[in-house]
Amino acid sequence: MTEFKNTERELHNFRMRITAAVVFVLFCFSLLVARFVWLQIIRHDVYAAQAEENRISLVPIVPNRGLILDRNGVVLARNYSAYTLEITRSKINGKLEDVIDDLSKLIDIEPKDRRRFKKLMDDSKSFASLPIRTRLTDEEVAKFTVQRYRFPGVDVQARLFREYPLGDVAAHVIGYIGRISQNDAKAIDEGDDAANYKGTDYIGKEGLEKSYESQLHGTTGYEEIEISASGRAVRTLSRTSAIPGKNLILSIDIELQKIVQKAFGDHRGALVAINPATGDILAYVSQPSYDLNLFVDGIDQQSWNELLNSPDHPLINRPMNGAYPPGSTYKPFMALAGLELGKRTPQQTIRDMGFFMLGGHRFRDDKVGGHGVVDMYKAIVESCDTYFYMLANDLGVDAIHDFMKPFGFGQITGIDLEHERKGLLPSTAWKRSAFKTAARQKWQGGDTVSLGIGQGFNTFTPLQIAHATATLVNDGIVMKPHLVKIIEDGVTHQHTVTVPKESFRIPLKQENIDFIKRAMVGVTHEGTAARVFAGAGYESGGKTGTAQVFTIKQNEKYNQHAVGERFRDHALYTAFAPADKPTIAIAVIVENGGFGAAAAAPIARKALDYYLLGKRPEDKDKPSVLMPGLDESAPVTESKPDAGDVDMYKPGAETQGNRE
């Protein structure tokens, strides 16, 4: 049977296929047009920027870190440029140790360099470029450059380094910088200044380098560099210069600082000197010290362990972190409290028999048989313990606490260093919160009596003692103690004063202040410091003190020759001069130094001689800080109040007075 084609049907099907094909083509073309519109119109700015970024590289320009200078312009921290040999662990071929061994055949790499590099690796990310050697010579740079092709992941970089020209002088003030660790990087990323640290490898770690990091660092600049497809720099398109960090001009007199550090010799201690009228800290000494330059390139593990494990604890910032009983240096403040609170008059006397009895407990005076008839002037000049035992008992602990607090005892002074220790100014409220059992929470009468001579629970920092002394001789006007006097703009050289005015005034009667100052002047003429200040070319006031390291047992007398050096009393001295208008106030403590007059006062004398007269100690002069013939190998003991002190005042027991 013959089949006829349906031409009309085939034509219809053909048209349908053509229509479907056209629709499909139009749909695809529409997608292309839509994508074109999306890329070229809607997302044009985004992709144009990405293309520009691929063509242009932003290279950070690290700013010069600000300088640190003393009050007379002596540079204490500066920058210098040097070449470093650096390794990026993620880019090297083979084992790291093998690469370092091969490098050591070209460039001298010492064991300490390897130890430091290992410590840096532990603190850094794997892709970070870390220095294996710093301060390369031109010859060493040339040697490596010739062989550079052999060491992928190793390169020579030009870096800015920090230098501390005076080494260990004022180390606890200046502090140091170090490479940015992972913890540092995390803190920077979480902060508001992350972009400013692009390209920066170092950050302040301690001291003023840390507390003034934002001022010292400066503002990072950028270069826009056009690069080829292969990554080669073609040309510089634009440049935004870095703004150098601001300079810190300290209140420290670095020559005074050197003299005091030398005066301590090999012995431990602290000295703080303040200008009472301004709050300028003129000297801030913590002995022993350490060389800041050890930390510039990253300290090696052996050197770090030596510092960390030293029995002398050189890393401790003693002026603001060491807490000590103030001893008899507290007595002028106790006397002022007695006058201001109406508990004593200057003429009122007691009869000192050599002890004070309270509840069957004997509180001994250092002078056997006592000082006889004693008024307030004599009590300060001769440092009569019995007088101040009785005064403290009459005042009561809470009155003492409230009077001493405005002077800064047991308070944060606000000095421009981080992690200042508060110390302890005791009160009944403090004791209730400090101990768990009801028996220990109760304030005992004997607790109060010991406070009168600066013992018991009292523990203050040398900075607090110096600050309080400065406030006293400044007639109750409180100036915030500070180490940075001026912040100088590195570009415009504009100066900003850090402490422009007083903090507040303590309401005190001028006649009472004048009396206390006269009595402290008497200490240097006829009292415990008379021998040390004989022949001084200026009038000064002062107060000697001792702080017990351990408690003397009943009927036992302290003999410094019979105990090891580290068990002996701490020696203290506070001073101010000139007496009529003080420009310097000092607190000095010599740990385990024995008597304040023999150990601490001579250091204060050398400081005052230089500051007031420009007189330097002769090289042959040796600081008589410690008495000869004593054992210095005894173990360390700390002078800290603890819960056991509550039970030391028992009927029939004795307490030894301050030994000056």
Side-chain angles (χ1 to χ4, degrees), residues 324-335 338 349-358 361-393 446-456 458 519-520 522-532 542-563 567-574 589-602 626-627 630 639 645 648-649 653-660:
Y324 310 87
S328 294
T329 63
Y330 204 46
K331 290 176 180 176
F333 297 94
M334 288 294 301
T349 63
I350 67 159
R351 186 161 197 82
D352 175 22
M353 304 297 293
F355 60 88
F356 172 67
M357 294 296 298
L358 180 68
H361 182 93
R362 181 188 294 262
F363 292 84
R364 289 184 288 169
D365 192 284
D366 183 52
K367 185 175 182 179
V368 178
H371 295 261
V373 177
V374 180
D375 60 9
M376 184 175 285
Y377 181 88
K378 184 177 179 180
I380 294 174
V381 170
E382 297 187 8
S383 201
C384 174
D385 292 328
T386 303
Y387 183 96
F388 290 98
Y389 288 146
M390 297 175 66
L391 176 58
N393 187 58
D447 295 335
T448 304
V449 172
S450 287
L451 300 182
I453 62 169
Q455 296 288 166
N458 283 326
M520 294 179 74
V523 171
T524 65
H525 283 278
E526 53 188 305
T528 52
R531 180 177 297 181
V532 175
K543 186 69 192 80
T544 54
T546 59
Q548 295 179 22
V549 173
F550 65 95
T551 304
I552 299 297
K553 297 179 181 179
Q554 183 179 3
N555 298 323
E556 181 177 275
K557 186 170 179 62
Y558 172 79
N559 181 359
Q560 70 168 1
H561 297 281
V563 297
F567 285 99
R568 289 191 285 121
D569 292 344
H570 300 317
L572 299 98
Y573 190 74
T574 56
I589 181 167
V590 180
E591 291 182 7
N592 310 117
F595 303 113
L626 295 174
M627 303 298 287
L630 294 177
S639 176
D645 289 337
M648 64 183 289
Y649 307 110
E654 287 191 322
T655 296
Q656 174 71 40
N658 283 340
R659 301 175 279 276
E660 298 178 62

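- Here the OH atom belonging to Tyr324 is positioned 13.0 Å from the OG1 atom belonging to Thr329, to the nearest 0.5 angstrom.
- The closest side-chain heavy-atom distance from Pro602 to Tyr573 is not below 4.5 Å.
- The pair Asp385-Lys331 meets the salt-bridge criterion, since a charged nitrogen lies less than 4.0 angstrom from a carboxylate oxygen.
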- request: List the steps and the verdict of side-chain hydrogen bond (donor to acceptor under 3.5 Å, both in side chains) for Ser328 and Ser383.
  value: CA-CA 7 Å; Ser328 294; Ser383 201; 3.3 Å; yes
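- Of all heavy-atom pairs between Ala597 and Thr528, the closest is CB-O, 3.2 Å.
- Rounded to the nearest 0.5 angstrom, His371 NE2 and Asp366 CG are separated by 7.0 Å.
- Take Thr386 and apply the side-chain hydrogen bond (donor to acceptor under 3.5 Å, both in side chains) test, not counting sequence neighbours, and it matches Asp352, Asp365.
- Rounded to the nearest 0.5 angstrom, Tyr389 OH and Arg364 CZ are separated by 8.5 Å.
- Residues Thr574 and Met520 have side chains in contact (heavy-atom distance under 4.5 Å, counting atoms from C-beta outward).
- For the atom pair CD1 (Ile380) and CG (Asp375), the distance works out to 9.5 Å, reported to the nearest 0.5 Å.
- Between Pro325 and Ala547, the shortest heavy-atom distance links the atoms O-CB, 3.2 Å.
- Atom-to-atom distance recorded for Met390:CE and Phe363:CZ is 13.0 Å, nearest 0.5 angstrom.
- For the atom pair Met353 CE and Phe355 CZ, the distance stands at 6.5 Å (nearest 0.5 Å).
- Val381 meets the side-chain contact (heavy atoms from CB on, under 4.5 Å) test with Tyr377, Glu526; sequence neighbours excluded.
- Between Lys543 and Leu572 there is no side-chain heavy-atom pair separated by less than 4.5 Å.
- Shown here are the side-chain contact (heavy atoms from CB on, under 4.5 Å) partners of Ala392, two or more places apart in sequence or in another chain: Met334, Ile400, Thr448.
- Not a single ring-ring contact (aromatic ring centres under 6.0 Å, His included) links Phe356 to another residue, sequence neighbours left out.
- Residues passing the side-chain contact (heavy atoms from CB on, under 4.5 Å) test with Ala379, sequence neighbours excluded: Val374, Cys384, Tyr387, Phe388.
- The shortest distance between side-chain heavy atoms of Asn592 and His570 falls below 4.5 Å.
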